[in-house]
Amino acid sequence: MRKLFYLIFVMLFILSAVSFAQFKGYGVKGGAQFNGGLSFSELSNEAFSFLARGFVDVELHKMLSLELGVGYGRYGCHYDYVEDFPHKKIYTDIIPIDLRLKITPFNMKSINPYGYIGLGALNYSVSDFPTTPLSSTPTAQTLYYYAEKRKGWTGVVPVGLGVEIKLAEKVALDINSGFNFTGGDAINNIIFGDNTDHWAHLGVGFVFGGPKIDADEDRDGLKTSYEERIGTDPLNPDTDGDGLKDGDEVLKYKTNPLKADTDEDGLTDYDEVMKYSTDPTKADTEGDGLKDGEEVTNYKTSPLNPDTDGDGLSDYQEVKTTKTDPLKADTDGDGLNDGAEVNTYKTNPLVADTDGGSVNDGIEVDRNTNPLDPSDDVEKKVEEKKMEVGEILILEGVNFETSSANLTSESEEILQKSLKYILAHPTETYEISGHTDSRGTREKNIRLSKDRAESVKSWLVKNGIDANRLTTEGYGPDKPIAPNDSQENMYKNRRVEFKRIK
């Protein structure tokens, strides 16, 4: 009999270690059990023991609950040396009242293994005991017994394993096995050696309420039955781990709680809702042709504005078609925004001087020359027309490195035209003057403009012009040709002028 108890106990332990599913979220449940018992005392356990027990189980956590139970049963044992006593059996009525902490470590749907440990009180009353004297044992140890039938209270500590198996909606079969330690040695009316009176049990019963009481165990806003229907985890408030509760996804944002990126645009639903205010159900919120994730991660554009830089081209056009910078309205820095170049002037938004005639597209548009025709660029005057004394020519396109007097390589191409003119008119002399916008101190700008004029002179002298034919001046911000109130106007004021003085 003991071997059978041990075998069942081990089987329940193994079953609890290999099951996977969902059996939580019930709140409160109750039931009844009937247990067959096996006594452990000074006497043999051949007499039948049993215990009927009712209980109420209150869920504390997805893995813990408290169970309050009360039962009634008989504790039986057998003594071979009882004389003139029918069946040689001793019985005691028992009423245990205990509180058990139940542990349910697995997430299950139709089977729920558990373990428990408890503490309680046991009321006992000996009901069937011989009135004739008991003989001595063969071991010659003294056997003590009470002449009267004992009754009273003692402590009890139940421990064990069990499993609930779902049978129907809110109904489960309960199978459990365990051991009940007591603090009394008079439950069987016998005192013999140091033994106290305990019992093991194997029981079956029914549980009502169980796994389908519709609670919101994970507090995500969805009931257990609904989560089971849509496939989310009723014990995890954020099944897909995207940072939004399942209930918010289903009820508020209409996103998929099983998928962290519902619209597959490269952004999690949480990021779309909480960080970027984009539509988590629409891959391209503003409809510019780029996915929200591409805009945020790859291009740094706004997923809420189809034209981030406001240049008249959509972010998609700039990235996929014109290859311009969607964050910069004027990619080539020629004074025209990319949209105007593509849609209005048909110029190249990636090249400042589309026709290669030495004058930027923006300047040509401003002075009404054709940015697609190099023949009308201003620098052609240097070669084709004789300058009058006092006439000023702005060397448009002669630029310098930022905050320095170093000529750019593009500027040298323009100076080549000036060089040809000066070489062709050897009797003329010229003043080269530098000018700046109003930013910075006047003293610094005067010095910078003078240095830039000297840089142009040095280039011309290096390329064959007599230095005596050239003078330089630096006027800084003193002679603007436009108000310094915009980037375009300040660009005009940052210039080099070429004036005939003889």
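Only this structure's heavy atoms are used, side chains among them; waters, hydrogens and symmetry mates stay out.
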Flag side-chain contact, heavy atom, 4.5 Å: P326 against T308:
no

Over-ring placement of R74 relative to F50, 6.0 Å and 45° cut-offs:
no

Just checking F40 against F179, ring centres under 6.0 Å apart?
yes

Output yes when [X] and [Y] qualify as a salt bridge under the 4.0 Å nitrogen-oxygen rule, no when they do not.
X: R100; Y: D57; value: no
X: R150; Y: D185; value: no
X: E164; Y: K102; value: yes

Are more than 12 heavy atoms, taken from residues, nucleotides or ligands other than [X], located less than 6.0 Å from that residue's [atom1] atom?
X: E401; atom1: CD; answer: yes
X: Y299; atom1: OH; answer: yes
X: Y270; atom1: OH; answer: no
X: K259; atom1: NZ; answer: yes
X: F400; atom1: CZ; answer: yes

Please report the shortest heavy-atom distance between G440 and N445, naming the atom on each side.
O-ND2, 3.7 Å

Nearest heavy-atom pair of K328 and D311: which atoms, and what distance?
O-OD2, 4.1 Å

Please assess F181 against T196 for the test side-chain contact (heavy atoms from CB on, under 4.5 Å), listing each intermediate value before the final yes or no.
CA-CA 9 Å; F181 298 93; T196 51; over 6 Å; no

